[in-house]
Undergrad: 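Pasting a structure below so you can have a look.
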Amino acid sequence: QAHEAANRLHTVITLIELGQTERALEFATEELREAQSLTDQLTEAVHEPVLAALLLGKAAEANERGVELILAEDLDIPDAGVDGRDLVTIVGNLIDNAIDAAVASTGPRWVRFGAWADPDTEELLLQVEDSGAGIASPDVARVFDRGWSTKPGRNDTGGRGLGLALARQSAERHGGTIEIIASQPSEHTTGTGAVFLVRLPLPIPEPSPAPMRAAP
């Protein structure tokens with residue numbers, strides 16, 4: 001983010017030095033408008049400030065790597081009673097993997113994040129999909145194994161292959177699950193690569209006490 005901010009600041013300064021003060025003002029104003037729009041969307045839809053901050057950071061990181069982070073229009077993350085650090089672990093690792101997959105693709109590079117509450121199952125659902133090449137069928141059952149990775153290098157339990165394992169561990173700590181609902185582009189998806197779905201139980205309100213009845 002610091003690298004991207006430095007580039008933009010340098011552009012504004014250079015425009016001023018070239019006498020293009022109006023253009024510099026337009027450029028700076030547009031940057032602020034886009035940043036504020038994303039901030040407003042997140043603060044309205046995400047009731048966990050730590051997670052909102054994470055998504056803002058990931059949007060900047062994705063942009064710097066040439067990937068568009070798309071937030072679903074119906075994004076809605078209520079207070080699920082999940083520790084903010086666990087939400088960061090789950091969402092952060094899923095988005096990191098999705099950005100890596102999108103960067104390696106040859107077509108449009110994007111990652112889409114959606115979240116909503118399902119009142120029927122009383123669950124918070126988080127979905128991350130990307131425009132990458134997907135996951136080969138034989139590997140689908142192994143993606144959450146500690147040490148498994150598609151990145152170049154040997155799969156081991158060192159610095160690789162930990163993200164998805166940690167994400168699953170954090171979800172299961174709260175009685176949730178992570179599953180792959182699409183591993184490769186098909187007619188049943190929006191042309192994406194992998195699609196991960198997280199299910200986290202929502203707090204169930206305590207039942208209201210029965211009203212007191214007067215003695216006959």
Undergrad: What are the two closest heavy atoms between Ile16 and Ala24, and how far apart are they?
TA: CG1-CB, 3.8 Å
Undergrad: Starting at CZ of Arg173, measure out to CD1 of Ile90 and round the result to the nearest 0.5 Å.
TA: 8.5 Å
Undergrad: Among residues at least two apart in sequence or on other chains, which ones pass side chain to side chain donor-acceptor pair (under 3.5 Å) with Glu48?
TA: none
Undergrad: Do the non-hydrogen side-chain atoms of Leu197 and Leu126 ever get within less than 4.5 Å of each other?
TA: no
Undergrad: Locate the shortest heavy-atom distance separating Gly84 from Val50; write the atom from each residue and the value.
TA: O-CG1, 4.2 Å
Undergrad: The test is salt bridge (charged side-chain N to carboxylate O under 4.0 Å, His left out); show your working for Lys58 and Asp96 and say whether it passes.
TA: CA-CA 8 Å; Lys58 291 302 176 187; Asp96 282 344; 2.6 Å; yes
Undergrad: In chain order, what residues pass the salt bridge (charged side-chain N to carboxylate O under 4.0 Å, His left out) check against Glu179, with sequence neighbours excluded?
TA: Arg199
Undergrad: Quick check for you: to the nearest 0.5 Å, what is the distance between Thr177 atom OG1 and Leu200 atom CG?
TA: 8.0 Å
Undergrad: I'd like to check the side chain to side chain donor-acceptor pair (under 3.5 Å) partners of Asn93; sequence neighbours left out, ordered by chain and number.
TA: none
Undergrad: What closest approach, in Å, do Gly175 and Pro201 show between heavy atoms, and which atom pair accounts for it?
TA: O-CG, 3.5 Å
Undergrad: Going by side chain to side chain donor-acceptor pair (under 3.5 Å), name the residues that satisfy it together with Gln20, two or more places apart in sequence or in a different chain.
TA: none
Undergrad: Show which side-chain atoms of residues 65-76 pair as donor or acceptor with protein atoms under 3.5 Å away, not counting sequence neighbours.
TA:
| residue | atom | partner | partner atom | Å |
| --- | --- | --- | --- | --- |
| Arg65 | NH1 | Asp100 | OD1 | 2.9 |
| Arg65 | NH2 | Asp100 | OD1 | 3.1 |

Undergrad: For Arg23, what residues pass the side chain to side chain donor-acceptor pair (under 3.5 Å) criterion, not counting sequence neighbours?
TA: none
Undergrad: Of the options Ile181, Ile95, Ile178, which is the one that meets Phe196 in a side chain to side chain contact (heavy atoms under 4.5 Å, CB included)?
TA: Ile178
Undergrad: Output yes when a side-chain donor or acceptor of Ser131 lies under 3.5 Å from a complementary backbone atom of Pro108, and no otherwise.
TA: yes
Undergrad: Where is the tightest heavy-atom contact between Leu42 and Ala52, given as atom of each residue plus distance?
TA: CD1-O, 3.7 Å
Undergrad: Let me confirm one number: the CG-CG distance from Leu87 to Leu54, rounded to the nearest 0.5 Å.
TA: 9.5 Å
Undergrad: Measure the CG-CD distance between Leu56 and Glu61 for me, rounded to the nearest 0.5 Å.
TA: 13.0 Å
Undergrad: Might you work through the side-chain contact (heavy atoms from CB on, under 4.5 Å) test for Phe113 and Glu129, ending with a clear yes or no?
TA: CA-CA 7 Å; Phe113 175 73; Glu129 51 187 309; over 6 Å; no
Undergrad: Got a second to check how far His10's NE2 is from Leu15's CG, nearest 0.5 Å?
TA: 9.5 Å
Undergrad: To the nearest 0.5 angstrom, please state how far the CD1 atom of Ile180 sits from the CG atom of Leu164.
TA: 7.5 Å
Undergrad: At their closest point, which heavy atom of Leu94 faces which heavy atom of Val198, and how far apart are they?
TA: CD1-CG2, 3.6 Å
Undergrad: Any chance you could lay out the side-chain contact (heavy atoms from CB on, under 4.5 Å) test for Trp110 and Asp130, step after step, and finish with the verdict?
TA: CA-CA 6 Å; Trp110 54 265; Asp130 62 69; 5.7 Å; no
